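First up is the structure itself, then whatever we jot down about it.
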Amino acid sequence: MVFFFVNFRDSKKAVQQITYTMENQDWKKIGFGYRKANFNVRCTYKNGEWGDLELNDSEYINMHMAATSLHYGQEAFEGLKAFMGKDGKIRIFRMDENAKRMQSSCDGILMPRLPIEKFQEAVKLAVEKNKDFVPPYGSGASLYIRPLLIGTGPEIGVKPAGEYLFIIFVMPVGPYFPEGFKPTDLLIMRKFDRAAPQGTGKYKVGGNYAASLTAGKKAKSEGYSAVLYLDSREKKFIDECGPANFFGIKNETYITPESDSILPSITNKSLMQIAKDLGLKVECRKVPVEELETFEEVGACGTAAVISPIKRIYDDDLDKEYNYGTEPGPWSTKLYEKLRAIQDGDAPDPYGWVAVID
Ligand code: PLP
Ligand code: COI
């Protein structure tokens, strides 16, 4: 099947077309990037209340040039995935958690909370209306779902908007780090922070990502997949890695940083449960940077990254490196396989993480 997309707004001038094939797609090479699907779902907030969900086929939004999202970063987003099962059913992973986290982000930057049920309804609608874009079972690719909530009302003083827009769009993606489940390299640099100690690091808001662009570019230009951030106050403890949480494994224990300035990862939360089920101890606590020396396996985890094992961490300031082997470790492999099996519907879902769409 080949999809041809027309930007309706400009269709009289020129047919701007984006094409990609869902059939005969080389799913290993698809990567993590924007691709247009058929529909997005929208909902507006006006006069103190959220309206009804609407379907839209345009990739564009028309908004006021003084919208608070444009000037003062009043915007939050989410990321979740849907997977095609062997049984031909689509499974959405833990959307209730994303709904709750978006509410927390809204609280953090004074936007109105979108009700959890409305969020879930919108996710389901976006997936159902774009079913043809869910990559096939066993391809290693999935449907990435991107909810976005932005201040659209005009303000020129620094204050919250009176009007908001919630949108969900979707696209087929491969793993965030091109290596997929192959070990990758991270870089520690003390001269960059992504979030302040009591700032917005625990919210999924655009400003954190803008703040990470310079360091991320530098790391990538030197051949690293991402930056491993240390805590901004003292630079003593591990925070998280670019767009993912961090974990280390040693002595049959899964250890992951506790910090007020990292995003509470839903993947990490799931892995902590799976780790316990596999018989590992789990510790969520401060992780001193020197402890890197002692881990048997380390990895980055997140919706987009899934689990990305790490083979080497280079500390740029101390000119020191930590090596973990060029193949994924046994615990990381077990964790990865179990998580993916639950997502695909190949393993039981004892905690009700998955919503099945027929
Ligand atoms: N940390 C950051 C900064 C992220 O952007 C993400 C991605 O969502 C994560 C961690 C992982 O969170 P989750 O597993 O909920 O996707
Ligand atoms: C995700 O894992 O869903 C993310 O949001 C990471 C991202 C910033 C691409």
Side-chain angles (χ1 to χ4, degrees), residues 30-35 75-83 92-105 108 119 123 126 141-149 167-178 180 186 192-196 199-213 215-217 219-220 225-232 238-247 254 256-275 284 287 299-308 310 335-336 339-340 342-343 353:
I30 176 176
F32 189 90
Y34 177 77
R35 287 184 166 80
E75 78 89 35
F77 67 100
E78 271 302 327
L80 62 159
K81 278 180 175 170
F83 303 85
I92 307 172
F93 191 66
R94 302 198 80 171
M95 61 176 160
D96 53 326
E97 290 292 332
N98 294 91
K100 285 189 251 165
R101 192 170 65 190
M102 180 160 257
Q103 288 198 334
S104 158
S105 298
F119 181 100
V123 171
S142 54
L143 188 77
Y144 186 69
I145 304 163
R146 172 52 67 86
L148 175 74
L149 201 158
I167 306 190
I168 298 192
F169 56 95
V170 303
M171 72 215 75
V173 295
Y176 189 78
F177 296 121
L186 297 183
F192 295 97
D193 295 324
R194 80 176 268 287
T200 55
K202 58 178 174 292
Y203 307 123
K204 203 159 171 62
V205 297
N208 299 336
Y209 297 81
S212 75
L213 289 174
K217 186 176 172 203
K220 282 193 195 108
S225 289
V227 178
L228 180 57
Y229 288 98
L230 303 184
D231 78 280
S232 306
I238 295 173
D239 252 359
E240 61 179 333
C241 3
N245 273 186
F246 173 89
F247 66 86
Y254 178 100
T256 191
E258 181 182 48
S259 162
D260 271 350
S261 42
I262 65 175
L263 193 75
S265 156
I266 297 159
T267 312
N268 199 4
K269 190 173 172 181
S270 311
L271 291 176
M272 285 190 251
Q273 184 59 57
I274 295 173
C284 181
V287 180
C301 63
T303 298
V306 196
I307 286 183
S308 191
I310 294 159
L335 288 162
Y336 175 84
L339 174 70
R340 292 290 299 107
I342 296 173
Q343 292 173 329
W353 287 345

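Note that ligands are numbered from 1 as they come in the structure, with each ligand's atoms numbered from 1 the same way. The shown structure was predicted, so the numbers you read here are calculated from the model rather than taken from an experiment. All residue numbers in this chain count up from 1 along the given sequence.
Looking at ligand 2, you won't find any N or O of Y176 less than 3.5 Å from one of its N or O atoms. The distance criterion of under 3.5 Å between nitrogen or oxygen atoms is met by K204 with respect to ligand 2. Of the polar atoms of I266, at least one N or O is found under 3.5 Å from an N or O of ligand 1, judged by distance alone. Checked against a 3.5 angstrom limit, the closest N/O atoms of F77 and ligand 2 fall outside it.
Neither the backbone nor the side chain of E97 comes within 4.0 Å of ligand 1, counting heavy atoms alone. Contact annotation for S265 and ligand 1: heavy atoms of both the backbone and the side chain come within less than 4.0 Å of the ligand.
Ring geometry for F32 against Y144 counts as perpendicular: the plane angle is over 60°, on a 0 to 90° scale with 30° as the lower cut.
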From CA spacing to verdict: side-chain hydrogen bond (donor to acceptor under 3.5 Å, both in side chains), D231, S259: CA-CA 8 Å; D231 78 280; S259 162; over 6 Å; no
Criterion side-chain contact (heavy atoms from CB on, under 4.5 Å) on L339 and S270, from CA distance to verdict: CA-CA 8 Å; L339 174 70; S270 311; 4.3 Å; yes
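What sits closest to atom 5 (O) of ligand 1 on the protein, heavy atoms only, is Y209 OH, 2.5 Å. The nearest protein atom to atom 3 (O) of ligand 2, hydrogens excluded, is given as Y144 OH, 2.7 Å; this is a heavy-atom distance. Looking at atom 2 (O) of ligand 2, its nearest protein heavy atom turns out to be A304 N, 2.8 Å. Shortest contact from atom 9 (C) of ligand 1 to any protein heavy atom: P243 O, 3.5 Å. Among protein heavy atoms, atom 8 (O) of ligand 1 sits closest to K204 NZ, 2.8 Å. Distance from atom 8 (C) of ligand 2 to its nearest protein heavy atom, with residue and atom name: Y209 CE2, 3.6 Å. The closest protein non-hydrogen atom to atom 6 (C) of ligand 2 is P243 CB, 3.8 Å. When hydrogens are left out, the protein atom nearest atom 16 (O) of ligand 1 is T303 OG1, 2.6 Å; that is the closest non-hydrogen contact.
Not close to ligand 2: K81, with no non-hydrogen atom less than 4.0 angstrom away. Note on ligand 2: E78 sits outside its first shell, no heavy atom being nearer than 4.0 Å. Using a 4.0 Å heavy-atom cutoff, S212 is absent from the residues neighbouring ligand 1. Residue contacts with ligand 1 include R101, since one of its heavy atoms falls under 4.0 Å from the ligand.
In summary, the atoms of ligand 1 found under 4.0 Å from a heavy atom of N245, numbered by their order in the structure, are 1 (N), 10 (C). Every atom of ligand 1 with a heavy atom of E240 under 4.0 Å away is listed here by number and element: 1 (N), 2 (C), 3 (C), 10 (C). Each of the atoms 3 (C) of ligand 1 lies under 4.0 Å from some heavy atom of R194.
In terms of modelled atom types and a separation under 3.5 Å, the side chain of S308 and the main chain of A300 share no donor-acceptor contact. The backbone N or O of E78 lies less than 3.5 Å from a partner atom in the side chain of R146, making a donor-acceptor pair. Between the side chain of D260 and the main chain of K202, no donor-acceptor pair closer than 3.5 Å is present. Side-chain N or O atoms of T256 include one that pairs as donor or acceptor with a backbone N or O of F246 at under 3.5 Å. For K204 (side chain) and L263 (main-chain N/O), no donor-acceptor pair under 3.5 Å exists by modelled atom type.
In this structure, N98 CG and F93 CZ are separated by 9.5 Å, a value rounded to the nearest 0.5 Å. Note: W353 CH2 to Q343 CD = 9.0 Å, rounded to the nearest 0.5 Å.
Annotation: cation-pi pair R35/F169 absent, no NZ/CZ under 6.0 Å from the ring centroid and within 45° of its normal.
V205 approaches S105 most closely through the heavy-atom pair CG1-CB, 4.4 Å.
Between the side chains of N245 and T267, not a single donor N or O lies within less than 3.5 Å of an accepting N or O.
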